[in-house]
Amino acid sequence: YYPDARRYGRRKLLRTRKNLVGIRTRCGNQIRSLLHAYGITPPPGALYRRPMLEWLKEVPLPTAEMREVVQSMAAVLTTTEDQIKRLDARIEHLAATGIAAQLQEIRQIGALTALTVAEEMGEMDRFRNPRASAGYAGLVPRVNQSAECTRTGRLTRRGSPQLRHVLGQMAVRLLAKDRMVQRWAAPRLKRASKNKVRTALARRLLVGLVASQRHGDAFDLRRCLNL
């Protein structure tokens, strides 16, 4: 499957945001490590927030070189955060219509998650049936067959890692905060591990989404869970 230029551009937009968040995290960790080396404990909170950036300007450091290092990293944090906010505004706009807008009707699902699912999946009518979409996302187990013996193993993890990651995060949030999902998960948690139930939920969400789109219906979480 090759996405068209519009979908490819949106995928790159989402992946670039993820990369920028990684840069922001690494830069913040490096600043904390430098401060820790001099026994300086920053106030609680994210270093890229404005109050923390102001605090970094005044923090006492033993040498001018170390002050230059910290201020350079703080500048990277400021620039990176500005670019993330810029991309977030574009993502909010793109997620206001279509499948992404339907997904946001589920509590705990925001614009970033919804748009990632919509764009990483692409045209959903290309699957021979809704269950085939789980294989595309790498959410099905490996199958080893020998004569009459069939064994299932770990997940194949094929397809888009971004899609698999965001579906997993959706499942985690819903399991933690949605009462209907918790009711669905309760009997399954008695006979399977939490990770397996989370994967089963992610797979069911994806299959339900594809099925609703193929039938021209709005996504319904209750129907997806058969409750």
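Along the sequence shown, residues carry numbers from 1.
- In this structure, Arg6 places its CZ atom where more than 12 heavy-atom neighbours from other residues, nucleotides or ligands lie under 6.0 Å away.
- Leu115 and Met121 fall into different hydrophobic clusters, where Ile, Leu, Val, Met, Phe, Trp and Tyr residues are linked whenever their side-chain heavy atoms come under 4.5 Å apart, directly or through other members.
- Rounded to the nearest 0.5 Å, atoms OG1 (Thr116) and CZ (Arg10) are 12.0 Å apart.
- Here the side chain of Arg188 pairs no donor or acceptor atom with the backbone of Ala200 at under 3.5 angstrom.
- Of all non-hydrogen atoms in Gly28 and Leu47, the two that sit nearest each other are O-CD1, 3.4 Å.
- Ala114 and Gln104 make their closest contact through CB-CG, 3.8 Å (heavy atoms, listed as atom of the first residue, atom of the second, distance).
- Put simply, the side chain of Arg24 never gets that close to the backbone of Leu77: no donor and acceptor are under 3.5 Å apart.
- In this structure, Ser133 contributes its side chain and Pro130 its backbone to a donor-acceptor pair below 3.5 Å.
- Grouping the Ile, Leu, Val, Met, Phe, Trp and Tyr side chains by contacts below 4.5 angstrom, directly or via other members, places Leu167 apart from Ile91.
- Enclosure of atom CZ in Arg223 is not indicated, since only 12 or fewer non-hydrogen atoms of other residues, nucleotides or ligands lie within 6.0 angstrom.
- The CZ atom of Arg204 sits 6.5 Å away from atom SG of Cys224, with the distance rounded to the nearest 0.5 Å.
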### Task
Apply side-chain contact (heavy atoms from CB on, under 4.5 Å) to Gln102 and Asp220, showing your working.
CA-CA 9 Å; Gln102 292 183 26; Asp220 185 341; over 6 Å; no
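- A side-chain donor-acceptor contact under 3.5 Å links Gln71 to the backbone of Leu56.
- By the 4.5 Å heavy-atom criterion applied to side chains, Thr113 and Gln169 are not counted as neighbours.
- Between the side chain of Arg11 and the main chain of Glu120, a donor-acceptor pair closer than 3.5 Å is present.
- Relative to the ring axis of Tyr2, Arg7 does not place its NZ or CZ within 45° and under 6.0 Å from the centre.
- Taking OG1 of Thr25 as the reference point, atom OH of Tyr48 lies at 7.5 Å (rounded to 0.5 Å).
- Under the 4.5 Å side-chain criterion, counting only non-hydrogen atoms from C-beta, Asp125 is not in contact with Gln213.
- Linking Ile, Leu, Val, Met, Phe, Trp and Tyr whenever their side-chain heavy atoms come within less than 4.5 Å puts Leu103 and Met180 in one cluster.
- Note that the CG atom of Leu189 and the CD atom of Gln182 stand 10.0 Å from one another [nearest 0.5 Å].
- No more than 12 heavy atoms of other residues, nucleotides or ligands lie within 6.0 Å of CZ in Arg86, so this atom counts as exposed by the packing criterion.
- Ser33 contributes no side-chain N or O that, together with a main-chain N or O of Asn29, makes up a donor-acceptor pair within less than 3.5 Å.
- Side-chain heavy atoms closer than 4.5 Å link hydrophobic residues (I, L, V, M, F, W, Y) into clusters, and following such links, even through other members, never connects Leu87 to Val117.
- Minimum interatomic distance between Leu20 and Thr80 (heavy atoms only, all atoms of both residues): O-CG2, 3.3 Å.
- One hydrophobic cluster holds both Leu53 and Leu34 under the rule that ILVMFWY side chains link at heavy-atom gaps under 4.5 Å.
- Residues Asn226 and Trp184 are not in side-chain contact: their nearest non-hydrogen atoms beyond the backbone lie 4.5 Å or more apart.
- Side-chain contact check for Leu209 versus Met124: some heavy-atom pair is nearer than 4.5 Å.
- Listed by chain and number, the residues in a ring-ring contact (aromatic ring centres under 6.0 Å, His included) with Phe219 amount to none (sequence neighbours excluded).
- Asp178 and Arg173 are not joined by a salt bridge, as no carboxylate oxygen comes within less than 4.0 angstrom of a charged side-chain nitrogen.
- Side-chain contact between Val69 and Glu65 is absent, with no heavy atoms from C-beta onward closer than 4.5 Å.
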### Task
Go through Asp88 and Leu112 one step at a time and tell me if the side-chain contact (heavy atoms from CB on, under 4.5 Å) criterion holds.
CA-CA 8 Å; Asp88 282 344; Leu112 177 63; 5.5 Å; no
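- Rounded to the nearest 0.5 Å, atoms CG (Leu205) and CE (Met170) are 5.0 Å apart.
- In this structure, the side chains of Leu61 and Ile40 come closer than 4.5 Å at one or more pairs of heavy atoms.
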### Query
When you look at Arg17 and Leu13, which way does the side-chain contact (heavy atoms from CB on, under 4.5 Å) test go after all the steps?
CA-CA 6 Å; Arg17 185 197 181 279; Leu13 177 77; over 6 Å; no
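- The shortest side-chain heavy-atom distance between Glu81 and Arg49 falls under the 4.5 Å cut-off.
- With contacts defined as side-chain heavy-atom distances shorter than 4.5 Å, the pair His36/Arg32 does not qualify.
- Between Leu139 and Arg164 the shortest heavy-atom distance is CD2-CG, 3.8 Å.
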### Task
Apply side-chain contact (heavy atoms from CB on, under 4.5 Å) to Val210 and Arg131, showing your working.
CA-CA 8 Å; Val210 174; Arg131 291 185 180 276; over 6 Å; no
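- Put simply, CD on Glu119 and CD1 on Ile99 are 8.5 Å apart, with the number rounded to the nearest 0.5 Å.
- Closest non-hydrogen pair, Pro42 versus Trp55, comes out as CA-CH2, 3.5 Å.
- Smallest separation of non-hydrogen atoms from Arg198 and Gly168: CD-O, 3.9 Å.
- Between the side chains of Arg50 and Thr78, not a single donor N or O lies within less than 3.5 Å of an accepting N or O.
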